Structures are given as structure tokens and as C-alpha cells.
2 protein chains.
Amino acid sequence: MTSSKASANEQNSPDRPYHHGDLRRAILGAALDVIAADGPSALSLRGLARRAGVSHAAPAHHFKDRAGLLTAIAAEGFGLLATTLREATGLKEAGVRYVRFARDHPAHFQVMFAPELLRTGDLELTTARALAGDALREAVAAVPPGGRGTDARLAGVAAWALAHGFATLLLGHNLDGPVGERDPEEVFRELAGMLFRHAE
Amino acid sequence: MTSSKASANEQNSPDRPYHHGDLRRAILGAALDVIAADGPSALSLRGLARRAGVSHAAPAHHFKDRAGLLTAIAAEGFGLLATTLREATGLKEAGVRYVRFARDHPAHFQVMFAPELLRTGDLELTTARALAGDALREAVAAVPPGGRGTDARLAGVAAWALAHGFATLLLGHNLDGPVGERDPEEVFRELAGMLFRHAE
DNA sequence: GCTGCAATCTTGTCAGTGACAAGTTTTGCA
DNA sequence: TGCAAAACTTGTCACTGACAAGATTGCAGC
């Protein structure tokens with residue numbers, strides 16, 4: 001083991017400059033790769049450092065520790081989600097974008113909803129999360145009040161639960177059977193149609 | 001640190017018998033406690049061994065390794081879930097039971113849907129999962145075909161996604177605001193009502 | 001241009017962990 | 001009774017996260 005593949009520009013290049021250039025981004029990118037492939041538990045700060053060709057303690061300068069790195073990823077995720085939700089036209093479309101986000105950014109998505117891995121009090125994280133929450137509430141407010149007793153808050157919870165559950169099961173390969181070859185977004189549109197039959 | 005609280009009957013009792021009696025169950029129980037409190041990433045085989053008052057390598061005899069322990073927990077979880085789903089009368093009630101299961105067995109629930117922590121090919125696991133899947137499909141089949149174009153398979157996915165999403169968000173404390181003091185099961189009943197308006 | 005300071009990265013180290021190997025004690029059964 | 005398997009222990013290794021202290025570099029202000 002040890003230095004199995006110090007192939008190309010890995011870490012042993014003696015002419016490597018002292019300063020990486022954008023180590024923070026490099027670490028984040030590598031972390032997203034690892035998490036998407038094998039989950040957050042497979043993440044090793046030292047492994048990321050090796051990938052980026054820096055010393056084992058370099059990541060700590062940018063993220064303090066493991067929780068710091070994951071918190072940064074979660075915050076970035078909530079920011080991306082807020083942006084994409086804000087561009088949606090209606091609630092159903094917001095749901096579709098929610099599912100699309102989970103598929104496009106599986107690593108972010110996983111980490112965002114793993115609070116035990118995060119520094120939950122972090123300012124960046126809480127503000128980003130609040131932004132995403134606002135975007136979701138806006139989408140809910142846009143839906144016209146339907147049948148009797150349709151509480152807006154409840155409708156929001158229903159939409160969120162449906163989208164979140166679908167996305168989660170999808171990422172966990174629990175819907176490979178039922179969904180099969182079909183486009184997941186298309187399937188989700190049908191599900192959302194079942195939930196909000198009256199509105200559109 | 002080190003031996004901060006070797007208080008009562010922990011591990012230093014010199015009269016402790018060589019055989020624990022039911023170490024397997026003790027380790028499982030301790031693991032469930034830890035996971036429910038701090039998530040699977042906080043799990044340490046050595047920590048569990050300390051809790052049970054046995055040597056650091058004792059757990060390996062029953063579970064082989066970390067993945068083995070978590071796989072055993074997941075299999076147990078699917079078994080419990082299958083049992084509880086089978087007792088449900090209709091699809092909505094099955095959903096309620098799904099949510100209740102997640103709240104009653106949060107550790108099981110988390111591990112069951114964290115495939116990257118499991119030995120996915122394990123026989124016990126796959127059979128238990130199949131049992132739970134059968135129970136879910138049975139509940140779906142029981143629902144009368146509703147409005148035009150109501151695909152049974154799709155209805156099943158919708159119900160699963162809604163229940164799974166609600167349960168997941170609930171466990172992650174993402175619904176503390178919207179649900180508030182209300183009984184989560186009651187709230188879920190309303191959500192399920194929105195999804196299957198026609199059937200009851 | 002030079003100087004000093006802060007940001008960035010390195011080296012060194014420590015305790016904790018999972019996994020494995022090999023030995024010891026106990027149980028249960030022929 | 002004796003013996004094989006089950007249950008557990010001791011010892012060890014590579015790896016990891018965290019921390020401390022030092023080296024290198026970029027840069028702002030003079």
C-alpha cells in the first residue's frame with residue numbers, strides 16, 4: 001500500500017509550489033467526489049490531502065476539522081438549493097427542482113440532512129438554511145388555496161415530505177425497481193399531481 | 001480522560017465471568033443507544049466493548065466488523081418493520097405505522113437506509129428487506145383503484161415517498177417548526193389524506 | 001526596494017480506532 | 001471424562017483526527 005499510485009501530479013512532485021492556489025476548492029471538490037461515491041463516512045481528511053497533493057494537516061487550515069469541512073459543504077448546498085428553488089414557478093415545479101438538486105448534487109444533499117456530522121450552530125450554515133427555507137415557503141405561498149381545510153403550512157409539509165422522500169429513496173437506489181428506466185423527474189411530476197390534484 | 005468513570009459494574013470488576021451471557025444483544029443495544037443519540041458515525045466498536053465490559057476484540061466475534069454490526073441492525077429493523085406493516089389495515093394506516101416505526105426505532109431506521117455502511121449482499125439483510133417490501137406491496141394492493149389513471153405501482157411509490165420523507169425530516173428535526181406541539185402521526189394522517197383523497 | 005506581518009502550508013506527535021492473529025477460558029456434547 | 005467448538009482476551013499494526021510548532025510565501029505600507 002503506502003504510495004500505491006503516486007502517478008502523475010500527485011504529491012511527490014518536488015517542484016510543486018508551496019502554495020496550492022485554491023486548496024480550499026480542491027479539498028471541497030475531492031470531498032464531494034468521495035461522499036457521492038461512498039458516503040460521508042468514507043471521508044478522510046488525510047485522504048483528501050493526499051489527493052490534493054498537500055500535507056496531511058493542510059485541510060485543517062481551511063476547515064478547522066472534519067465537522068468544519070462538512071458544515072461548509074452543507075452551507076454551500078443550502079445556498080445552491082435556495083437559488084434553484086427561487087427560480088421555480090409553482091410548488092410542483094419547486095418539488096421537481098428539489099429532486100433534480102438531489103440528483104445533481106448527491107453529496108451536498110446527503111450532508112445537508114446529516115445534522116450529527118455538522119457544526120449546527122455555524123453562522124454560514126444557519127443563514128444558508130434559512131434562505132432555502134424562505135424559498136420553500138415562497139413556493140408554498142404561491143399555490144392557490146384549494147379544497148376546504150387546505151392549510152398552507154400543511155401543504156408545504158406535504159410537498160416537502162413527498163419531494164424529500166422521493167429524492168432520498170432515489171439516491172439510496174430504493175426506487176430502481178418501481179421507477180425503472182423512466183425519467184425520475186417525470187415520475188415525480190405524477191406523484192406531485194396526485195398530491196395537488198385541485199391546483200393545476 | 002482515559003478512565004474517567006469506571007464507576008460501577010463497568011469493566012474492571014475482577015470477578016466478572018469470562019462469558020458475558022448475552023454479549024451479542026448487549027452490543028446491539030448499546031449500538032442502538034449510541035446511534036439514536038449521535039448517529040452511526042459516532043459508533044465505535046471499542047466503545048461498545050467498554051460499555052459492555054468486555055475486551056476490545058470481543059464484538060468482532062459476533063459481528064465480524066463494523067459493517068457486520070450495522071448490517072445486523074438493519075436486518076433486525078427490516079424485520080420489525082415488516083411485522084408492523086403486516087398488521088396495518090389500509091395503506092394510510094401502513095404509512096402511519098411506517099412513521100411510528102421511525103420514531104420508535106430511530107437508530108434502526110437510520111441504518112436501514114444507509115447502504116454505504118452495510119454489507120449489502122448479506123443474506124439476512126436481503127431477506128428481511130424483501131419481507132418488508134412484500135408487506136408494503138400488500139398494503140398498496142389493498143387500496144381500491146381510484147380516479148382515472150391511478151397506477152397501483154405509482155400509488156405505492158407516492159405513499160412510500162411521503163411516509164419516508166415525513167419520517168426522515170421528522171427525525172432530523174426539520175419539522176419542529178411546522179408540526180410543533182401536534183402529534184406527528186396526526187399530522188401525517190392529514191398529509192396522507194391529501195394524497196389519497198378519493199380512497200376513504 | 002525593503003520590511004514586517006498575516007496567510008498558507010509542513011513536520012512531528014499523540015491518543016483513539018478497526019482489523020487481524022494467536023492464545024486462553026468455558027461450554028456442551030459424544 | 002475428554003475433547004472440539006464457542007466465547008472471549010491480549011497483542012499488534014496501519015490509519016485517522018486533532019493539535020502544536022515551525023517554515024514558506026504573498027503583500028501592504030513605507
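Within every chain, numbering begins at 1; the chains are lettered A, B, ... in the order of the sequence lines, protein sequences first and strands thereafter. No hydrogens, no waters, no symmetry mates; every other heavy atom, side chains included, goes into these values. All of these numbers come straight from a predicted model, not from anything done at the bench.
- With hydrogens and angles left out, the side chain of B:H56 and the base of C:dG16 share no donor-acceptor pair within 3.5 Å.
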Legend entry - Full working for ring-ring contact (aromatic ring centres under 6.0 Å, His included) between B:H105 and B:F101: CA-CA 6 Å; B:H105 307 281; B:F101 171 81; 5.1 Å; yes
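- Considering only residues two or more places apart in sequence or on other chains, A:L131 meets the side-chain contact (heavy atoms from CB on, under 4.5 Å) condition with A:A82, A:R86.
- Regarding B:L48, its CG atom lies at a distance of 10 Å from the P atom of C:dT17, rounded to whole Å.
- If you measure from atom CG of A:L117 to atom P of D:dG17, you get 13 Å, rounded to the nearest angstrom.
- Non-hydrogen atoms lying under 4.0 Å from DNA chain D are contributed by nothing in residues 27-40 of chain A.
- Each side-chain hydrogen bond (donor to acceptor under 3.5 Å, both in side chains) pair with one or both residues in residues 118-131 of chain A, not counting sequence neighbours, appears once here: A:D65-A:R119.
- Contact check of residues 57-70 of chain A against DNA chain C (heavy atom, cut-off under 4.0 Å) returns A:A57, A:A58, A:H61, A:H62.
- At a threshold of 4.0 angstrom between heavy atoms, the contacts of B:L43 are confined to the sugar-phosphate backbone, with no base atom among them.
- Remark: B:R46 pairs with B:S44, B:R50, B:H56 by the side-chain contact (heavy atoms from CB on, under 4.5 Å) rule, at least two apart or across chains.
- Atom CZ of B:F113 sits about 10.0 Å away from atom OG1 of A:T168, to the nearest 0.5 Å.
- Enclosure of atom CZ in A:R153 is not indicated, since only 12 or fewer non-hydrogen atoms of other residues, nucleotides or ligands lie within 6.0 angstrom.
- Remark: B:R46 is not in phosphate contact with C:dA15, judged by side-chain N or O atoms under 4.0 Å from OP1 or OP2.
- The shortest distance between the side-chain N/O atoms of B:S44 and the OP1/OP2 oxygens of C:dG16 is not below 4.0 Å.
- Looking at A:E190 and A:K92, no side-chain N of the basic residue comes within less than 4.0 Å of a carboxylate O on the acidic one, giving no salt bridge.
- Atom CZ of A:F78 is separated from atom CG of A:L81 by 7.5 Å, given to the nearest 0.5 angstrom.
- The phosphate of C:dT11 (OP1 or OP2) has no side-chain N or O of A:S55 nearer than 4.0 angstrom.
- Screening A:D104, A:T84, A:T89 against A:R97 for a side-chain hydrogen bond (donor to acceptor under 3.5 Å, both in side chains) leaves a single residue, A:T84.
- Here D:dC8 presents its C1' atom at 14 Å from CG of B:D22, a figure rounded to the nearest Å.
- The CZ atom of B:R25 sits 4.5 Å away from atom CG of B:L28, with the distance rounded to the nearest 0.5 Å.
- A:R119 places its CZ atom 14 Å from the P atom of D:dG17, with the value rounded to the nearest Å.
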Inset, instruction - Check the pair B:R189 / B:E93 against salt bridge (Lys or Arg N to Asp or Glu O under 4.0 Å), numbers first and verdict last. - result: CA-CA 8 Å; B:R189 257 180 243 271; B:E93 213 51 38; 3.1 Å; yes
Anything under 3.5 Å between a protein N or O and an N or O of nucleotides 3-5 of chain D, put it in a table, one pair a line.
none

